[in-house]
Number of protein chains: 2
Amino acid sequence: MARKLSTLDSQRLDNQICFAVYSAAHAFNRVYKPLLDRLGLTYPQYLVMLVLWERDDVPVKDIGEKLFLDSGTLTPLLKRLEAAHLVKRTRSSEDERQVLIALTAQGHALKDKARSVPQSILAASDCSVSELVAMKDEIVALRDRLNAVIGE
Amino acid sequence: MARKLSTLDSQRLDNQICFAVYSAAHAFNRVYKPLLDRLGLTYPQYLVMLVLWERDDVPVKDIGEKLFLDSGTLTPLLKRLEAAHLVKRTRSSEDERQVLIALTAQGHALKDKARSVPQSILAASDCSVSELVAMKDEIVALRDRLNAVIGE
DNA sequence: TCACATTTAATTGTTCGCAATTGAATGTCG
DNA sequence: CGACATTCAATTGCGAACAATTAAATGTGA
């Protein structure tokens with residue numbers, strides 16, 4: 001039954017697995033876009049806000065570790081959030097190397113307006129919560145194995 | 001046992017599912033990077049080459065449909081591949097609106113050099129082929145459901 | 001045939017994402 | 001204390017990704 005995969009097959013297979021993730025990420029982005037437009041956020045900005053809604057007043061580095069992003073991505077993104085009056089950026093007085101990110105009143109208030117987003121995504125997924133949770137766990141496990149290889 | 005998810009929970013859950021995909025895509029990219037650097041390709045460029053290695057001399061639109069990308073992304077990318085002497089871009093004589101993308105000799109030759117890439121990715125995934133195939137199918141199904149919603 | 005819509009790439013402008021570098025602040029070790 | 005390494009954010013440069021627009025070619029219907 002199961003025959004060994006030829007080199008040619010695998011030159012499609014790896015594509016499929018990684019491409020599935022790649023193209024699914026883009027598909028998610030497109031579903032999120034109209035929802036986030038109403039909040040004035042992009043998806044990466046939304047991720048940063050989710051982090052801050054859980055815990056405020058954190059250094060850039062902490063946000064980067066949670067989202068797997070570096071300062072090259074976050075610095076300009078956070079400046080845009082600041083320009084939109086959603087966060088404040090202040091140098092830590094204890095460690096002047098750190099920049100602490102805090103929510104403004106508007107930033108806090110946006111959490112309420114964003115409450116309906118997850119439901120819309122769930123609906124678009126057209127899938128049960130338990131199925132999504134199972135998939136999520138598998139994907140996270142795969143991601144972590146990949147990240148482990150990178151850190152070698 | 002299973003209790004209903006509160007709004008607060010889901011404001012983390014949807015994050016997790018979509019963020020899992022988002023962060024896994026980045027993790028894949030980081031694993032691919034050193035492998036593709038040796039070929040002089042980025043990951044999206046590699047995807048285009050995979051398409052062309054299967055079928056050559058296709059219009060930009062066909063590539064876009066397979067990869068879910070538009071001309072705004074593909075046109076500059078293809079120009080870079082042309083500058084690297086991997087593809088040729090020629091207007092179709094039958095339909096002058098179309099630009100046909102064909103591999104050069106170097107473009108064809110690169111397929112051989114790229115043969116080891118899938119194995120490396122498989123190894124980094126640290127996972128059986130059958131598990132990966134199952135995950136891929138789930139993710140593709142999810143992606144297609146999301147794309148169906150977009151096309152409404 | 002002619003007006004009009006559609007298709008196809010290209011272009012413009014904005015935002016990620018990351019590698020590489022810089023500069024300032026902090027830690028460490030002799 | 002003082003040289004040295006480390007940490008943290010910012011910066012620069014390049015390559016996606018996409019929305020919106022443009023322009024040219026093609027298709028369609030009166």
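The chains referred to below are lettered A, B, ... by the order of the sequence lines, with proteins before strands, and numbering in each begins at 1.
Using a 4.0 Å cut-off between a side-chain N of Lys or Arg and a carboxylate O of Asp or Glu, B:Asp37 and B:Lys33 qualify as a salt bridge.
Protein atom CD of B:Gln98 is 10 Å distant from nucleotide atom P of D:dG27, rounded to whole Å. When the P atom of C:dG17 is taken as reference, atom CG of A:Leu74 falls 9 Å away, rounded to whole Å. Atom CG in A:Leu47 sits about 13 Å away from atom C1' in C:dG17, given to the nearest Å. For A:Ile101 and D:dC8, the CD1 to P distance is 14 Å, given to the nearest whole Å. Atoms CD (A:Glu65) and C1' (D:dT7) sit 12 Å apart, rounded to a whole Å. Taking atom CZ of residue B:Arg89 and atom C1' of nucleotide C:dT11, one finds them 13 Å apart after rounding to whole Å. For the pair B:Arg91 CZ and C:dA9 P, the interatomic distance rounds to 8 Å; values are reported in whole Å. Taking atom CG on A:Leu100 and atom P on D:dA10, their separation rounds to 11 Å, with Å as the unit.
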Provide a list of protein-nucleic acid N or O atom pairs under 3.5 angstrom, restricted to nucleotides 13-17 of chain D.
residue: D:dA16; atom: OP1; partner: B:Thr42; partner atom: OG1; Å: 2.5
residue: D:dA16; atom: OP2; partner: B:Gln45; partner atom: NE2; Å: 2.6
residue: D:dA16; atom: OP2; partner: B:Arg80; partner atom: NE; Å: 3.1
residue: D:dA16; atom: O5'; partner: B:Arg80; partner atom: NH2; Å: 3.4
residue: D:dA17; atom: OP1; partner: A:Tyr22; partner atom: OH; Å: 3.4
residue: D:dA17; atom: OP2; partner: A:Tyr22; partner atom: OH; Å: 2.4

Can you pull every protein N or O that's under 3.5 Å from an N or O on nucleotides 24-27 of chain C?
residue: C:dT26; atom: OP1; partner: A:Glu94; partner atom: O; Å: 3.4
residue: C:dT26; atom: OP1; partner: A:Glu96; partner atom: N; Å: 3.2

Report task. Output, in order, the C-alpha distance, side-chain angles, deciding distance and verdict of ring-ring contact (aromatic ring centres under 6.0 Å, His included) for A:Tyr22 and B:Tyr43. Result -> CA-CA 10 Å; A:Tyr22 167 89; B:Tyr43 180 67; 5.4 Å; yes
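Within a 6.0 Å sphere centred on NZ of A:Lys88, other residues, nucleotides and ligands contribute 12 heavy atoms or fewer.
Each of A:Ser71 and A:Ala27 was assigned the nucleotide of DNA chain D with the nearest heavy atom; the assignment lying further toward the 5' end belongs to A:Ser71.
Taking the six-membered ring for Trp and thresholds of 30 and 60 degrees, B:Tyr46 and B:Tyr32 have ring planes inclined between 30 and 60 degrees apart.
In the hydrophobic clustering of ILVMFWY residues, with side-chain heavy atoms under 4.5 Å counting as a link, A:Phe28 and B:Leu69 come out together. Linking Ile, Leu, Val, Met, Phe, Trp and Tyr residues whenever their side-chain heavy atoms come within less than 4.5 Å leaves B:Val140 and B:Phe68 in two separate clusters.
Remark: side-chain polar atoms of A:Arg91 are paired, donor with acceptor, to backbone N or O of A:Arg97 under 3.5 angstrom. Although no hydrogens or angles enter the test, the distance criterion places no donor-acceptor pair under 3.5 Å between the side chain of A:Gln16 and the main chain of B:Lys136.
Dashed line: the shortest gap from a side-chain N or O of A:Lys33 to OP1 or OP2 of C:dT15 is not under 4.0 Å.
Taking 4.5 Å as the limit, every side-chain heavy atom of A:Val99 sits out of range of all side-chain heavy atoms of A:Thr75.
Residue A:Thr75 places no side-chain atom within donor-acceptor reach of the base of D:dA9, judged by atom type and a 3.5 Å distance cut-off alone.
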